[in-house]
Amino acid sequence: MDAAQILLVVMWVGVTLYALLAGADFGGGIWDLVAGRSRAGMPQRRLIEHSIGPVWEANHVWLIFVIVVLWTGYPPVFAAVMSTLYIPLTLAALGIIARGAAFVFRKASTELWQQRLFGAAFATSSVLTPFFLGTVAGGIASGRVPPGLATGDLVTSWLNPTSLLGGVLAVGVCAYLAAVYLCDDAGRAGLPGLAEGFRRRALFAGLGVGAVVLGGIAVVRWDAPRLFDGLAHRALPLVVAAAVLGLLSLALLWRRSYLSVRITAALAVTAVLWGWPLAQYPVMLPPGLTVEVAAADPAVLGATLVVLAVGALLVVPSMTWLLLLQRRTPYDPGAHG
Amino acid sequence: MGIGGGVGACVATVLVLPAGPASAADLVAARLQMALSLGWHIVLACLGVGMPALLLYAEWRAIRTGDGDSMRLARRWAKAIGVLFAVGAVSGTILSFEMGLLWPGLMGTYGEVIGLPFALEGIAFFVEAIFIGVYLYSWDRLPPRIHLLSGVPVLIAGVASAFFVVTANAWMNQPVGFVVENGRVRDVAPWRAMFNPATPPQTLHMIVAAFMVAGFATAGVYAVAMLRGRRDRYHRLGFMIPFTMAAVFAPIQILLGDYAAKFLAEYQPAKLAAAEGLFLTRAGAPLSLGGFVVDGELRYAIEIPNGLSLLVGYSPHTVVQGLDQVPVADRPPVTPVHLAFDTMVGIGFFLLLLSAWYVLAWGRRRELPRSRWFLRLAAVSGVAAVVAVEAGWVVTEVGRQPWVVYGRLRTFDAVNPVPGLWIGFAVVSLVYAVLTVATVYVLRRMARAPQELTHAPQEPE
């Protein structure tokens, strides 16, 4: 593997961690949205806040990581994606602002009407942001983002069948991951009633995502034949793995093995995420812009890899500590902060 | 990259052509949107860099002496930082989006040259976000000393982030460490690009500015409370810790500003000429205060004879380059740059004098200046410091025009050619207006909340 390929793998690890960690934080917001009226939904909202609170900012940094690696390692791809997909990415950016700010404002406010207002902004943007990011993925995967500055269609590059599939799938996956994680969190917080509720939601979301994926096969086959071809051949093992892990997760949820399903659900999502680049490798922007052509100067790739390796030595242990502290933080049902 | 590299470079030529014809309105909209998001984020970033120092000092003091007031201040500041950091994290993310959304012509060609400092900044931001999570959520769960130590990486990473990001901006002023061939850069020396000639003056000037903003702004909150009669020890301490920090940095900043201006005289004379409103290259160049440009000359300015020559070269005979050395098409707009520069310098000296007043009173009597005017001025010092930072960025950014990468890439060649950027600007402005109102509202509520509530948040009913 040369430096351009290694950096691509590193970037995709970033995408995966963003999906698994920040995705679940968005999913928490989605469940917050449907948690019901203020009083009835309070326990769920508290648990969601407890699970997201200490970690969402650190989880969010993976997105910045991915963006920076993309523009550093593959600048023409970054320029093409950002310029053509200007609309959904601007909307995703605004969603990111609204989600983060509203979440922390809700925590800092004490009056019900404020908590409702900020809560609504938090929850709505938690649905919209992954949706728009999903449409971006769909636009790229279906080959609607040609190389060059804004050479793709400003609207159909993200309003098309594959993009809509990507958007719905992203929202579904976020909701599913969050529900799975929250089962475990509720169990450890000593709230079996809440755990049952999130188990129901996780099963529902899991079946929903499964149905979307099955329907999506037809959509991709018709709308993005090249991607379909890659998924049906080179990436087939990952597609099969995703299906098996998905079914296994449903079984584990049924049996209330919350800790195990945390792992299998994350692995299932990982398999889906890695299927996409494997299906289209070495092409970054279909039809013809390959990793090799898009890659930055070797000196840049080398320096970036060294810096990221050193950074990992700093970040991985501290991140582990944070996640452990968060898991060990006793759940305080009365605490609002 | 191997053999494919040559082929790749040829193919790439076609990929990153200049963006070309964006409408004038869209270019203005893109610039305003970037200015709004950057100008907004800079305030949060300054507080994020400087406030952890105040917080850690207060907590350290509380642990060492058992002082309850210090601990209450630390808790209060920690809550504020929690809000500010979250808002700063998202407003910073938007900037990384906008680099591509608005300026793909810059990033598509030069993204790799300035990528390294951003990768480093990403790591620093990670460290900051992780430890701020640890610090804020483990206050009563970690032993006091460990808790204090868990805040130290937040401070270091905040300063480091500021350094890394400003090196990238410095590179836009002094682009080195690459060769352009067929529209694609090659032979990139990323470390050389990062440590370009503009890096030392710009990073030092900005980091010190951040500490001044955080110090004066925090002190300003307590100055207001003291003017309203709350002069107890808690409020005095809440004023003095941040004001002392800012007062220490104020004179250093004047020296660094002088250093940055001398740097411009040597490396980016067009920017200095615009900042000083100097059109004619000459010895004995005057220092012009205020005024504006009419028909290619600065009018209505107060002139200090030989002032600029003396500042640049310590001699009235020093020749200072004027805008006449720059082709008309390559000149930055003079009036805004000049007035912004004067605003920044004026506020810098105002803050220096205010700091001197404070230090003298303390040196003489071990207490704050007695005059209410001191508190009144201190109350606005935070806003003044913010205005100075914004004015400084106007000098840096507008003073570099028409270039986005000095001498290499013009701003209108970098902008996204999609139509309707002004719609995006309108929507983004609206969101920022709401965000500003909400942030100020939440922070004011937090500042006004009775102190005992800092510990035990109320049950929402």
Side-chain angles (χ1 to χ4, degrees), chain A residues 2 4 53-55 57-58 60-61 63-65 67-69 71-72 75-76 78-79 82-83 86 89-90 93-94 96-97 100-101 104-105 108-110 112 115 147-150 154 289 292-293 295-300 303-304 307-308 311 314-315 318-319 321-322 325-326 329 334 336-337, chain B residues 1-2 4 8 11-12 15-16 19 82-83 85-87 89-91 93-94 96-97 100-101 104-105 107-109 111-112 115-116 118-120 122-123 125-127 129-134 137-138 141 185-186 188-191 416-418 424 431 435 438 442 445-446 457-461:
Chain A
D2 64 21
V55 292
E57 283 152 318
H60 166 78
V61 184
L63 177 63
I64 297 169
F65 172 87
I67 288 179
V68 168
V69 171
W71 92 41
T72 308
F78 177 75
M82 300 305 277
S83 55
Y86 169 82
L89 283 166
T90 299
L94 296 177
I96 286 167
I97 295 193
V104 71
F105 290 162
S109 49
T110 45
L112 186 59
Q115 293 180 349
L149 296 188
L154 198 53
L289 182 55
E292 207 175 28
V293 175
D297 190 278
V300 173
T304 309
V307 159
L308 295 180
L314 285 174
V315 169
S318 12
M319 183 73 103
W321 189 36
L322 173 66
L325 276 174
Q326 183 229 15
T329 301
H336 138 262
Chain B
M1 195 149 69
V11 180
L15 306 182
V16 238
V83 172
F85 184 78
V87 179
V90 290
S91 67
T93 308
I94 303 324
S96 63
F97 272 69
L101 292 172
M107 301 312 289
T109 308
E112 59 186 282
L116 182 66
F118 282 103
L120 286 161
I123 293 164
F125 186 29
F126 249 128
V127 170
I130 291 168
F131 281 94
I132 214 153
V134 170
Y137 284 85
S138 66
R141 295 176 197 109
V185 296
R186 61 175 187 82
V188 181
W191 295 103
N416 192 344
V418 299
V431 170
L435 185 65
V442 168
R445 297 268 319 187
M446 284 172 75
Q458 264 189 328
E459 187 77 4
E461 278 309 327

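We use all heavy atoms of the structure for the numbers below, so side chains are in, but hydrogens, waters and symmetry mates are not. Letters go in sequence order (proteins before strands), and every chain restarts at 1.
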key: A:Val300 and B:Leu116: CA distance, side-chain angles, deciding distance, side chain to side chain contact (heavy atoms under 4.5 Å, CB included) verdict   = CA-CA 7 Å; A:Val300 173; B:Leu116 182 66; over 6 Å; no

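- Listed options B:Val90, B:Ile123, B:Ile130, B:Leu435 were ranked by heavy-atom pairs under 4.5 angstrom with chain A; first place goes to B:Ile130.
- No part of B:Ser91 comes within reach of chain A, as not one of its non-hydrogen atoms sits under 4.5 angstrom from that chain.
- By number of non-hydrogen pairs under 4.5 angstrom with chain A, the leading residue of B:Ala438, B:Ser138, B:Gly82 is B:Ala438.
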key: Candidate pair A:Leu89 and A:Tyr86, rule side chain to side chain contact (heavy atoms under 4.5 Å, CB included), full reasoning   = CA-CA 5 Å; A:Leu89 283 166; A:Tyr86 169 82; over 6 Å; no

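- Between B:Pro190 and A:Ala299 the shortest heavy-atom distance is CG-O, 3.8 Å.
- Of the atoms belonging to A:Leu308, heavy atoms from both backbone and side chain fall under 4.5 Å from chain B.
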task = Might you work through the side chain to side chain contact (heavy atoms under 4.5 Å, CB included) test for A:Ser318 and B:Phe126, ending with a clear yes or no?
result = CA-CA 9 Å; A:Ser318 12; B:Phe126 249 128; over 6 Å; no

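- Proximity to chain A (any heavy atom under 4.5 Å) is restricted, for B:Val431, to the side chain, taken from C-beta onward.
- The candidate from B:Ala189, B:Ala119, B:Gly122, B:Ala89 with the greatest count of non-hydrogen atom pairs under 4.5 Å with chain A is B:Ala119.
- Both the backbone and the side chain of B:Arg186 have a heavy atom closer than 4.5 Å to some heavy atom of chain A.
- For chain A, the nearby parts of B:Phe85 are the backbone and the side chain; heavy atoms of each come within less than 4.5 Å.
- With a 4.5 Å cut-off on non-hydrogen atoms, B:Val442 touches chain A through its side chain but not through its backbone.
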